[in-house]
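Given the structure is predicted, the values throughout are model-derived calculations rather than measurements. Lettering follows sequence order; numbering is per chain, from 1. Quick note: numbers below take in every heavy atom, side chains included, and nothing from hydrogens, waters or symmetry partners.
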Number of protein chains: 2
Amino acid sequence: MEIMNTISKENYLKTIYQIKKPKSKKVSTAHLAKRLEVSNAATSDMAKKLFDLGLVKYQPYRGVELTAKGEKLALNVIRRHRLWELFLIKTLNLSWSEVHTEAERLEHQASDFLIDRIDEYLDYPDFDPHGDPIPNKNGELPVQPDSVKLTAAEVGKFYFIHRVKNDDIKLLDYLTELGLKLNMQLQVLSRLEFDNSVRVKINNKEHSFSEKIAEKLSLVSADGEKR
Amino acid sequence: MEIMNTISKENYLKTIYQIKKPKSKKVSTAHLAKRLEVSNAATSDMAKKLFDLGLVKYQPYRGVELTAKGEKLALNVIRRHRLWELFLIKTLNLSWSEVHTEAERLEHQASDFLIDRIDEYLDYPDFDPHGDPIPNKNGELPVQPDSVKLTAAEVGKFYFIHRVKNDDIKLLDYLTELGLKLNMQLQVLSRLEFDNSVRVKINNKEHSFSEKIAEKLSLVSADGEKR
DNA sequence: TATTTAACTTAAGCTTGCTTAAGTTTTCAA
DNA sequence: TTGAAAACTTAAGCAAGCTTAAGTTAAATA
Ligand SMILES: [Mn+2]
Ligand SMILES: [Mn+2]
Ligand SMILES: [Mn+2]
Ligand SMILES: [Mn+2]
């Protein structure tokens with residue numbers, strides 16, 4: 001078993017990394033299948049191949065887990081994805097959702113050389129346009145600031161928008177439409193007990209977000225900073 | 001037979017377009033095979049598939065020729081390639097050969113939307129970094145200026161470097177090393193009858209190019225222009 | 001024009017990454 | 001603790017894009 005690096009394998013590794021929980025790092029093949037929109041049979045099959053390549057631990061009926069080698073490759077795909085996103089936003093000024101869609105395909109192309117040049121052009125950024133951390137070329141993640149989800153933010157306090165989960169393109173488009181951008185300041189006005197929706201003030205405009213949306217927004221405290 | 005657009009098919013179409021002569025547009029499967037570095041059997045096989053898709057005319061033992069539909073697709077791949085090249089040169093300042101290698105892979109990725117945004121960013125350029133014409137989104141090529149190859153240029157006259165054939169990366173690197181850039185002015189000093197090598201002056205430095213190199217350089221007359 | 005050789009195609013078979021259908025193994029509720 | 005249901009895997013098979021080996025056709029040459 002030698003060599004690898006196909007688009008399909010890269011997507012499996014990346015997705016395993018994205019799905020895994022911090023504690024139990026095991027990912028069921030069925031869960032993987034759902035995310036990748038392929039049959040369960042296909043993921044079982046691939047699990048065996050990735051195992052033979054030393055990229056995952058795998059025991060039938062017990063799910064997969066990335067090995068150190070597999071995780072490094074996964075982080076490299078993620079790095080490529082996020083650098084492409086930031087690069088396209090900086091140069092072509094695309095929107096959150098547009099950039100994500102393109103990066104989904106470009107992440108598998110581009111040599112390491114090109115990615116490093118993009119990294120250099122962007123001055124070695126720590127975060128991508130959604131606030132997601134960008135692994136460096138050694139696969140190390142930048143230190144992340146303390147953040148809370150909007151669902152858990154304190155009423156009355158001021159925050160900066162630090163990260164927007166980009167697993168749903170519709171949401172990204174909606175937030176873009178509202179004029180929301182990363183690093184904007186935000187004040188939590190109130191939280192409705194009935195449905196856990198949150199009222200916030202951004203740029204002197206008030207917005208109400210459902211719990212489902214609030215869950216996707218991560219904030220860092222703006223205490224002692226410019227208001 | 002429906003749908004298409006795989007990386008492999010795009011490369012076949014592009015290569016057929018690149019190989020074909022202006023008069024007889026037929027391309028032998030063996031010639032294609034050599035250029036694509038696959039077996040003859042593989043190109044015969046693919047010829048049938050492209051025929052079934054209505055992208056080439058093909059009769060066994062008679063070579064292939066692009067249909068209008070096939071040519072349009074080929075030009076679109078070429079458009080994507082050349083816009084990527086120019087975009088990467090403009091933003092990241094890569095060299096001729098670097099940019100060509102990356103574009104070779106990126107040409108198959110990127111949505112039409114992204115390509116149009118790159119086109120817009122570059123202000124709808126007519127030529128790529130090697131002086132190759134960039135088809136517009138309808139597959140139309142820009143009007144090309146009258147040019148001569150350095151092999152046929154007049155001794156004593158002044159020209160601008162208009163185009164450098166980029167089918168050999170080693171050559172591109174060599175020319176880059178010499179400091180050659182597109183649109184530079186050049187004077188033909190002499191031509192040696194023995195081997196058809198040419199002496200030229202560029203930027204007040206003299207260079208001698210073999211016939212093989214001179215053939216790769218296209219020039220436009222600099223008459224009546226700044227010297 | 002006949003025959004040899006070069007050019008090209010077809011046949012058979014491989015790998016990758018899928019699918020559906022037919023097993024297994026786990027899990028969980030009784 | 002047991003058996004039905006859920007979760008997962010294996011088997012068989014397909015399409016794409018290759019390969020090598022065995023034809024076939026066309027071209028060149030005598
Ligand atoms: Mn991907
Ligand atoms: Mn992102
Ligand atoms: Mn290509
Ligand atoms: Mn070019």
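In this structure, Tyr58(B) atom OH and dA7(C) atom C1' are separated by 12 Å, rounded to whole Å. In this entry the distance linking NE2 of His108(B) with P of dA16(D) reads 18 Å, nearest Å. The CG atom of Leu50(B) sits 16 Å away from the C1' atom of dT9(C) (whole-angstrom rounding). The CG-C1' distance, from Leu32(B) to dG17(D), rounds to 15 Å in whole Å. A straight line from NE2 of His31(A) to C1' of dA6(D) spans 17 Å, rounded to a whole angstrom. Rounding to whole angstrom units, CG of residue Leu36(A) and P of dC8(D) are separated by 15 Å. Residue Lys48(B) contributes atom NZ, which lies 12 Å from atom C1' of dC8(C) at whole-angstrom precision.
Within the 4.0 angstrom heavy-atom criterion, no nucleotide atom of any strand lies near Thr43(A).
Using cut-offs of 30° and 60° for the angle between ring planes, the His162(B) and Phe127(B) rings count as perpendicular.
Within the structure, a side-chain polar atom (N or O) of Arg62(B) is placed less than 4.0 Å from OP1 or OP2 of dA27(D). Side-chain N/O atoms of Thr29(A) include one lying less than 4.0 angstrom from OP1 or OP2 on dT9(D). One finds a side-chain N or O of Lys9(B) lying less than 4.0 angstrom from the OP1 or OP2 phosphate oxygen of dG17(D).
Relative to the side chain of Thr6(A), the nucleotides dC8(D), dG17(C), dG23(D) differ in distance, and dG17(C) lies closest. Here the nucleotide nearest the side chain of Tyr61(B), chosen from dT9(D), dG23(D), dT10(C), is dG23(D).
Gln18(A) and Arg35(A) share a donor-acceptor pair across their side chains, judged by distance under 3.5 Å alone. Side chain to side chain, Glu211(B) and Thr151(B) fail the donor-acceptor criterion of an N or O pair below 3.5 Å. No donor-acceptor contact under 3.5 angstrom links the side chains of His130(A) and His100(A), judged on distance only. Side-chain contact, Asn11(A) with His108(A): a donor N or O sits under 3.5 Å from an acceptor N or O.
In this structure, the separation between CG on Leu141(A) and CG on Asn138(A) is 11.5 Å, given to the nearest 0.5 Å.
The minimum heavy-atom distance between Asp126(B) and Pro142(B), with the atom names listed, is O-CG, 3.4 Å.
Geometrically, Lys14(B) does not engage Tyr12(B) in a cation-pi contact, judged by NZ or CZ lying under 6.0 Å from the ring centre and within 45° of the ring axis.
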- Show your working on salt bridge (charged side-chain N to carboxylate O under 4.0 Å, His left out) between Glu120(B) and Arg117(B) and close with a plain yes or no. CA-CA 5 Å; Glu120(B) 181 191 5; Arg117(B) 292 298 290 261; 3.6 Å; yes
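Between its opening and closing five pairs, the helix from dT1(C)-dA30(D) to dA30(C)-dT1(D) changes axis direction by 10°, a value rounded to 10 degrees.
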Listed pairs, N/O of protein and of nucleotides 18-22 of chain D, under 3.5 Å:
| from | atom 1 | to | atom 2 | distance (Å) |
| --- | --- | --- | --- | --- |
| dC18(D) | OP1 | Ser8(B) | OG | 3.1 |
| dC18(D) | OP2 | Ser8(B) | OG | 3.3 |
| dC18(D) | OP2 | Tyr12(B) | OH | 3.3 |
| dT19(D) | OP2 | Ser39(B) | N | 2.7 |
| dT19(D) | OP2 | Ser39(B) | OG | 2.7 |

